[in-house]
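One structure below.
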Number of protein chains: 2
Amino acid sequence: MHMLAIATPGASPTTRRLRTASKHNQFLEPRQAVSADPLAEMMTVESGCLALSHYLPDGRRQISDIVGPGRIFSIGADCRAESLTYSSVAPADVSQDAYSSQGRMLLARMQAHALLLGRKTAAERVATAVLDLARQFAPAERASRQTRPTFILYPTRADLADWLGLTIETISRTLNSFKRMGLIGFDRPERITILNQIALERTAGGHTA
Amino acid sequence: MHMLAIATPGASPTTRRLRTASKHNQFLEPRQAVSADPLAEMMTVESGCLALSHYLPDGRRQISDIVGPGRIFSIGADCRAESLTYSSVAPADVSQDAYSSQGRMLLARMQAHALLLGRKTAAERVATAVLDLARQFAPAERASRQTRPTFILYPTRADLADWLGLTIETISRTLNSFKRMGLIGFDRPERITILNQIALERTAGGHTA
DNA sequence: CGCCTACTTGAAGGGCATCAAGCGAAGTGG
DNA sequence: CCACTTCGCTTGATGCCCTTCAAGTAGGCG
């Protein structure tokens, strides 16, 4: 179901530009899986974007989280971590503080996502997702709030569908409806600008977190 | 939205029968919320059954987990732990081993539940839930597998609906359809017997975990 | 230039929600 | 003790949100 781009790790000109780090780092091409490091229970995203996905035997996929720079994740059994763009990951040095706070955050995110999957409508789900991705991937220019927050939407429509428990078509329809309503803007499908954050948050149905 | 039974903690004849423990224990009547213990980040269920729930501003509820004896849970912000029967909970003494393994289990459960909410059909969800509750609440009589596993279904149809992202009516219809198909049996709504575990697991759609 | 992949858009259908009614057990008050 | 209420559950009829199916468009890369 997935056409994985063949990658020669660390060989492309693009990956070489990524931030250097210890010898256990992994540099990933788009659509490349993170290979589990038996020494590191948890890993951290240094740059790029990952999707944590889970599969049913018949191929149905559920993405449990989209992870951006600075965040920590773990790949246990039945969990595949896949890059959505050029990315680099490293074993997380788990000081207990970070472990506890990041673990708590991970759990809270999962609970919020369960609420989304179980009880929110399609529009609410997409609005929540857009705000979440903006928070993770929009450059932090809190000084100049003048400019509308803009960010690269690393997940494809298919990724969003598998994250939000919807279909590709519903994702596309909802995003374009948001565009027509002036909530967001995009010329290319992957470059999103938030035009009306208030209305988006209202549409997200509270608990945007 | 919730009619909570007024309880004088530890006063009823029934709660007094529960297993005694340290002074920080909480004894709960049915439908009573666990009050957050600021000293204890995580708590453990000694007996009974709890539901961890999350609410949208308009009242929609999502139960992220149903927790039985021996399991550990945490009540952070936006999370309410409610007893589904007479229960007792205690602060978890968090040896790092237990914390790590229980935390990992909690995360894995949440991911499996996200897969259920996002990608499984109603029948698959109910079958998965029945098997999960049987594993948690059926008396461990692995020696005598002769007898069909039977257990008390502490969550009501409404609880199950809010756990599985469905409605009361769909839960009822699906359970009765399982009964007609000979997968499960019940005379009273809350006393479930598993009659065909193999077929249930097949219906659950793999990854029963 | 042709193929492929991602995205978009319309039309039709289905799975589950909603609405509605009824049943039975437990609790309450007269 | 028995009407009366309440609550959880069941069952049927109808509706709708999202899926499914089906084209069609645009950008990227050989």
* d(NZ, B:Lys120; C1', C:dC16) in whole Å -> 18 Å
* Asked: Is the B:His113 ring parallel, tilted or perpendicular to the B:Trp163 ring (thresholds 30°, 60°)?
  -> parallel
* Asked: In whole angstrom, what separates A:Glu190's CD from D:dA26's P?
  -> 16 Å
* Presence of salt bridge, A:Asp159 and A:Arg31, under 4.0 angstrom -> yes
* Does the side chain of B:Gln62 come under 3.5 Å of the side chain of B:Asp162 through a donor N or O and an acceptor N or O? -> no
* Asked: Hey, does the side chain of A:Thr156 come within less than 4.0 Å of C:dA6's phosphate (OP1/OP2), counting only N and O?
  -> no
* Would you say A:Thr167 reaches D:dC18's phosphate, i.e. side-chain N/O to OP1/OP2 under 4.0 Å? -> no
* **Options C:dC16, D:dT20, D:dT10, nucleotide nearest the side-chain atoms of A:Glu169** => D:dT20
* Atom CG of A:Leu175 to atom P of D:dC18: distance rounded to whole Å? -> 14 Å
* To do: Flag the pair B:Arg60 and A:Glu124 as a salt bridge only when some basic side-chain nitrogen lies within less than 4.0 angstrom of an acidic carboxylate oxygen.
  => yes
* Measure from NZ or CZ of A:Arg157 to the centre of the six-membered ring of A:Phe186, then state whether that distance is under 6.0 Å and the direction lies within 45° of the axis. => yes
* Donor-acceptor contact present, side-chain A:Thr174 to main-chain A:Thr170, <3.5 Å -> yes
* Report the distance from atom CG of B:Leu164 to atom P of C:dC16, rounded to the nearest whole Å. => 12 Å
* **Side-chain N or O of A:Arg157 closer than 4.0 Å to phosphate OP1/OP2 of C:dT8** => yes
* To do: Rounded off to whole Å, could you give me the CZ-to-P distance for the B:Arg119 and D:dT20 pair?
  => 9 Å
* Taking 4.0 angstrom as the limit, do A:Asp187 and A:Lys179 come out as a salt bridge? -> no
For nucleotides 27-29 of chain D, which of its nitrogen or oxygen atoms have a protein nitrogen or oxygen under 3.5 Å away, and what is each distance?
none

* Derivation and outcome, side-chain contact (heavy atoms from CB on, under 4.5 Å), residues A:Met43 and A:Val34 -> CA-CA 10 Å; A:Met43 311 196 69; A:Val34 175; 4.0 Å; yes
* Structure fact -> Here the distance between atom P of D:dC18 and atom CZ of A:Arg125, to the nearest Å, is 8 Å
* Asked: Does a donor on one side chain sit under 3.5 Å from an acceptor on the other, for A:Gln111 and B:Asp78?
  -> no
* NA contact type, B:Leu166, heavy-atom cut-off 4.0 Å: base, sugar-phosphate, or nothing? -> sugar-phosphate
Contacts under 3.5 Å, N or O only, protein and nucleotides 22-28 of chain C:
none

* Grab the CD1-C1' distance between A:Ile171 and C:dT9 for me, whole Å please. => 16 Å
* Gap between atoms CZ and C1', on B:Arg31 and D:dC7 respectively (whole Å) -> 12 Å
* B:Arg173 vs A:Phe186, nearer the 5' end of DNA chain C by closest nucleotide -> A:Phe186
